[in-house]
Amino acid sequence: MEIDDRAKDQTIREIVAEHGMIEGPLLPVLHAVQAEYGCVDEASIRTVAHALNLSRAEVHGVVSFYHDFRKLPEPRPILRLCRAEACQARGSEPLAAWAQARAGSRIAIETVYCLGLCSAGPNAMIGTDVHARLDRAALGELIDAL
Amino acid sequence: MTRVRISDDALAIACGADRVAARFAALGAEVERVSSWGMHWLEPLVEIDGIGFGPARPADVEAILAGTADALCIGPIADHPYIAGQTRLTFARAGKTRPLSLADYEATGGWKGLAAARALSADAIVDVLKRSGLRGRGGAGFPAGIKWDTVRQAAGPVKYIVCNADEGDSGTFADRMLMEGDPFCLVEGMAIAGLATGAGRGFVYIRSEYPHAIAKMRAAVRLAAPQIAPFEIEIRVGAGAYVCGEETSLLESLEGKRGEVRAKPPLPAHQGLFGKPTVINNVLTLAAVPFVLAEGAQAYADYGMGRSRGTMPVQLAGNIRFGGLYETAFGVTLGELVDAIGGGTASGRPIRAVQVGGPLGAYFPPSLFHTPFDYEAFAAADGLIGHGGVTVFDDSVDMAAQARFAFTFCAAESCGKCTPCRLGAVRGQETIDRVIAGDGNALTLVADLCETMKFGSLCALGGFTPYPVMSAITHFPEDFAAKAREQAA
C-alpha cells in the first residue's frame, strides 16, 4: 500500500469507528466517506466492508443503489437542476437544454427530482445552496460563477 | 430600532431572503429569522409590526424602512385572504415563531400535547388518536390510531418510532416546511408516539435534498432532548432514492441496506426496523398529534368530511399564481384550490391539467374540478390525494410527454425487486414512444401493461405509476390521437 492509500484506509477506519456504536451505520458511514473524498471508490468499499464486517458485495450493492453515492470523483463543479413535474410545469425542460449548452463540458449539470421548492421553479442546487425562480439570466449567472 | 422578521425557510432563502436580511442588518435594523407563512409568491416576505412587504429585493430595503414601499405592501399579514381563509392546526406557528427558539415554542402552546399524554395511560393516548380520526398523511391514509395500537400491543422490550421525512413527491414541500419552521412540533409528536407504544427510540429519515431541514432537525433534537427524555431521537439522511419514501424500503435503508421494498406481511407494526415492532408515520401525521392531544380528539375531528377528518396541509405548486402552503379542512374542491385560492396559472394561460399526489398521482382536467379533497372522493375519481401536492399545468403541456415521463421516472427510481415495476416501467416508456411515433394500437398495450403494474407490483411506485399514465390517456386522448395522426400523415 502506498502512503496515501494507508492514510485513506486509516481515515476511513476512524470514520467507521465514529459511527460504530449506532444502529445501521452503513449509510452514515458512506455519507461521511463521500464528504471526505468526493466519492466512494473501490478501495473505500474494501475498507468499509472490512471495518463493518460486511462483504464487499453488500457494500458495493448499497453504494450502487443510491443516486447520491459516486464511485468516481467528479472534478468539475456540479449544478443540480430539478426536472420533476412541478418544475416541468414552469419551464424546466427548455431551460435544462439551454443550461447544458451554456455550461458545455466545463460544469456537470445533473438532474435532481425535486428540491421541495415546487411553487417557485425552475430550481437548482449547488452544494447545499438552493436557487429558485430561475430563468436564463439567473441560471446563466450561476453557471458563469461556477 | 426597527425589528424586521424574515423567514429562513429554504424557499425564502432560494428566493434571496439572506441577501435581504443582510441588507436590513447593514442599515441597522434588528433582523429576526422566523418560519415562513407559506405565501411563496411573496417570498422573501418582510414583516415589520405585523405588516408585510414582498417579494422584497435588497434594493427595496431602504424604501421599506423609509415607509415608501407601498407597491410591495400587503397590509397586515395575518389578515391576508390567503392566510385568513386557512384552518391552521398543524401549521399554527407558521410565520410566527423562530424555528429553534424553545421559548417561542413554549409561548405558543408547545409541549402541551406531551404533558397531556404523560398524564394518560398508553391505551388512553391511542384512544384519543383513534377518536380524532387522524389518518396517515403520507398518502396511504391508514388510520394512525390503529397503527399505534398494533405496536402498543406488540410484544417485546424494543420498539421504534420512525418518521418518514423522505418527501420525494414533486409538488410537495409541507414536510420540509414543518421541519424547517416548527421542528419541535415533530419532536413532540414523536415523543407522544413513544409514550403511546412503549418505544424508547425514534429515527427521522430525511432526504438528502433537504440540507436546511436536516440542519434544523439536528439542532432541534439536541435542544429538546431534556424535554422528551428518556425518549431519544436520531436524525438519518437518505441518499437520493425516491423509493425510500415507501415505508419498508425506508426501513431497509435505515438498516444500512439497499432500499428494496419488503413484501407485506409482516407489517412494520409487527416486524419493522431491525425486525422490531415499529410505528412508521409521515412528518405531517406525527406533527398533527400534539394538537390532538392538547386540544382533544373532538377538536380535530370537528374538521373535515366523511372519513377524512381534520385538516390537510395542501401544497399548491407548479404553474400556479399564488403557490404555497394552504392548510384547510378536507372537503375543499380541487377547483377552489387552484382557481379561487391559487389564482390560476402563473403564466396567465388557462389551466389544462392538475396532477394531485405527486409523480404517482392522476392528472385531472378542469371538468373534474368539482372533486372534493377527500381520500375516498379522489379514489372514486381514479386518483389519489397522496401527500397533498397539487401541481398545475397550463395549456402548453403535452400530456403524452407527461405520460412518458411517468414511466421514465418509475424506471429511474424502481428498486428493482419486483418484475412489473422493474421491467414494466422500461417497456411502458418504449410503448408510449411507439404511440408518439404514430402506432395508435400500442395504446391498448399500454393499458394492458398498466393493469399488470397496478395489480402486480410490490409497492406504490410500480402500482401507482399507472395513475398518471392512464389519467393522461383517459382525460386527454387528443394528445395521443393527434400524435398518431400527425405521424401517419
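Protein chains get the first letters and strands the later ones, always in sequence-line order, with residue 1 at the start of each.
- Residue with the most contacts toward chain A among Gly358(B), Ala174(B), Pro359(B), Ala213(B): Pro359(B) (heavy-atom pairs, distance under 4.5 Å).
- In summary, the side chains of Tyr160(B) and Glu23(A) do present a donor paired with an acceptor at a separation below 3.5 Å, with no hydrogens or angles considered.
- In this structure, the portions of Ser253(B) lying under 4.5 Å from any heavy atom of chain A include both its backbone and its side chain.
- Looking only at side-chain heavy atoms (C-beta outward), Ile22(A) and Arg236(B) come within less than 4.5 Å of each other.
- Neither the backbone nor the side chain of Val397(B) comes within less than 4.5 Å of any heavy atom in chain A.
- For Leu11(B), the parts lying under 4.5 angstrom from a heavy atom of chain A are both the backbone and the side chain.
- Only the backbone of Val392(B) comes within contact range of chain A, judged by heavy atoms closer than 4.5 Å.
- Between the CG atom of Leu117(A) and the CZ atom of Arg176(B) there is a distance of 5.5 Å, given to the nearest 0.5 Å.
- Between chain B and the residues Gly24(A), Ala132(A), Cys118(A), Ala138(A), the largest count of heavy-atom pairs under 4.5 Å involves Cys118(A).
- Taking OG1 of Thr408(B) as the reference point, atom CZ of Arg83(A) lies at 10.5 Å (rounded to 0.5 Å).
- Heavy atoms closer than 4.5 Å to chain A are found in the side chain of Phe274(B), but not in its backbone.
- Interface residue Cys244(B): only side-chain heavy atoms are found under 4.5 Å from chain A.
- Of the residues considered (Cys415(B), Pro468(B), Gly324(B)), Cys415(B) shows the highest number of contacts with chain A, using heavy-atom pairs under 4.5 Å.
- Around atom CZ of Arg349(B), more than 12 heavy atoms belonging to other residues, nucleotides or ligands sit under 6.0 Å away.
- For the pair Arg258(B) and Ser64(A), the tightest heavy-atom approach, listed with the atom from each and the gap, is NH1-OG, 3.8 Å.
- Checked against a 6.0 Å centroid threshold, the rings of Tyr113(A) and Phe409(B) count as neighbours.
- Between Asp129(A) atom CG and Asp18(B) atom CG the span is 9.0 Å, to the nearest 0.5 Å.
- For the options Gly323(B), Gly171(B), Ala346(B), Gly168(B), heavy-atom pairs under 4.5 Å to chain A are most numerous at Gly171(B).
- Contacts of Gln355(B) with chain A are made by side-chain atoms alone, with heavy-atom separations under 4.5 Å and no backbone atom involved.
- Under a cut-off of 6.0 angstrom, the local environment of CZ in Arg13(A) is crowded, with over 12 non-hydrogen atoms contributed by other residues, nucleotides or ligands.
- Shortest non-hydrogen contact noted between Phe405(B) and Ala84(A) is CZ-CA, 4.4 Å.
- For Tyr363(B) against Glu85(A), the heavy-atom pair with the smallest separation is OH-CG, 3.9 Å.
- Annotation for Ala239(B) and His31(A): closest pair CB-NE2, 3.9 Å, computed over non-hydrogen atoms.
- For CD of Glu141(A), the number of neighbouring non-hydrogen atoms (other residues, nucleotides, ligands) closer than 6.0 Å is 12 at most.
- Under a 3.5 Å cut-off, the side chain of His67(A) and the backbone N or O of Tyr242(B) do not form any donor-acceptor pair.
- In this structure, CZ on Phe173(B) lies 13.0 Å from CG on Leu115(A), to the nearest 0.5 angstrom.
- Residue Asp9(B): no heavy atom, backbone or side chain, is found under 4.5 Å from chain A.
- Contacts between Gln315(B) and chain A at a heavy-atom distance below 4.5 Å are absent for every atom of the residue.
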Check step by step if side chain to side chain donor-acceptor pair (under 3.5 Å) holds for Ser208(B) and Tyr66(A). CA-CA 11 Å; Ser208(B) 62; Tyr66(A) 295 96; over 6 Å; no
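- Rounding to the nearest 0.5 angstrom, the gap separating the CD atom in Gln88(A) from the CG atom in Asn319(B) is 12.5 Å.
- Dense packing is recorded around CZ of Arg422(B), with more than 12 heavy atoms of other residues, nucleotides or ligands lying under 6.0 Å away.
- Closest non-hydrogen pair, Arg90(A) versus Gly318(B), comes out as NH1-O, 2.7 Å.
- Nearest heavy-atom pair, Leu27(A) versus Val237(B), reported as atom, atom and distance to 0.1 Å: CD2-O, 4.1 Å.
- Ionic pairing of Glu58(A) and Lys257(B) is not present here: no N-O contact between side-chain nitrogen and carboxylate oxygen is shorter than 4.0 angstrom.
- With respect to Glu209(B), the side chain to side chain contact (heavy atoms under 4.5 Å, CB included) criterion is satisfied by exactly one of Val130(A), Thr128(A), Val112(A): Val112(A).
- Chosen from Ser119(A), Ala124(A), Gly121(A), the residue pairing most often with chain B at heavy-atom distances under 4.5 Å is Ser119(A).
- Per-residue heavy-atom pair counts under 4.5 Å with chain A were compared for Gly256(B), Gly259(B), Pro211(B), and the maximum is reached by Gly259(B).
- At distances below 3.5 Å, at least one donor-acceptor pair connects side-chain atoms of Ser170(B) with backbone N or O atoms of Ala86(A).
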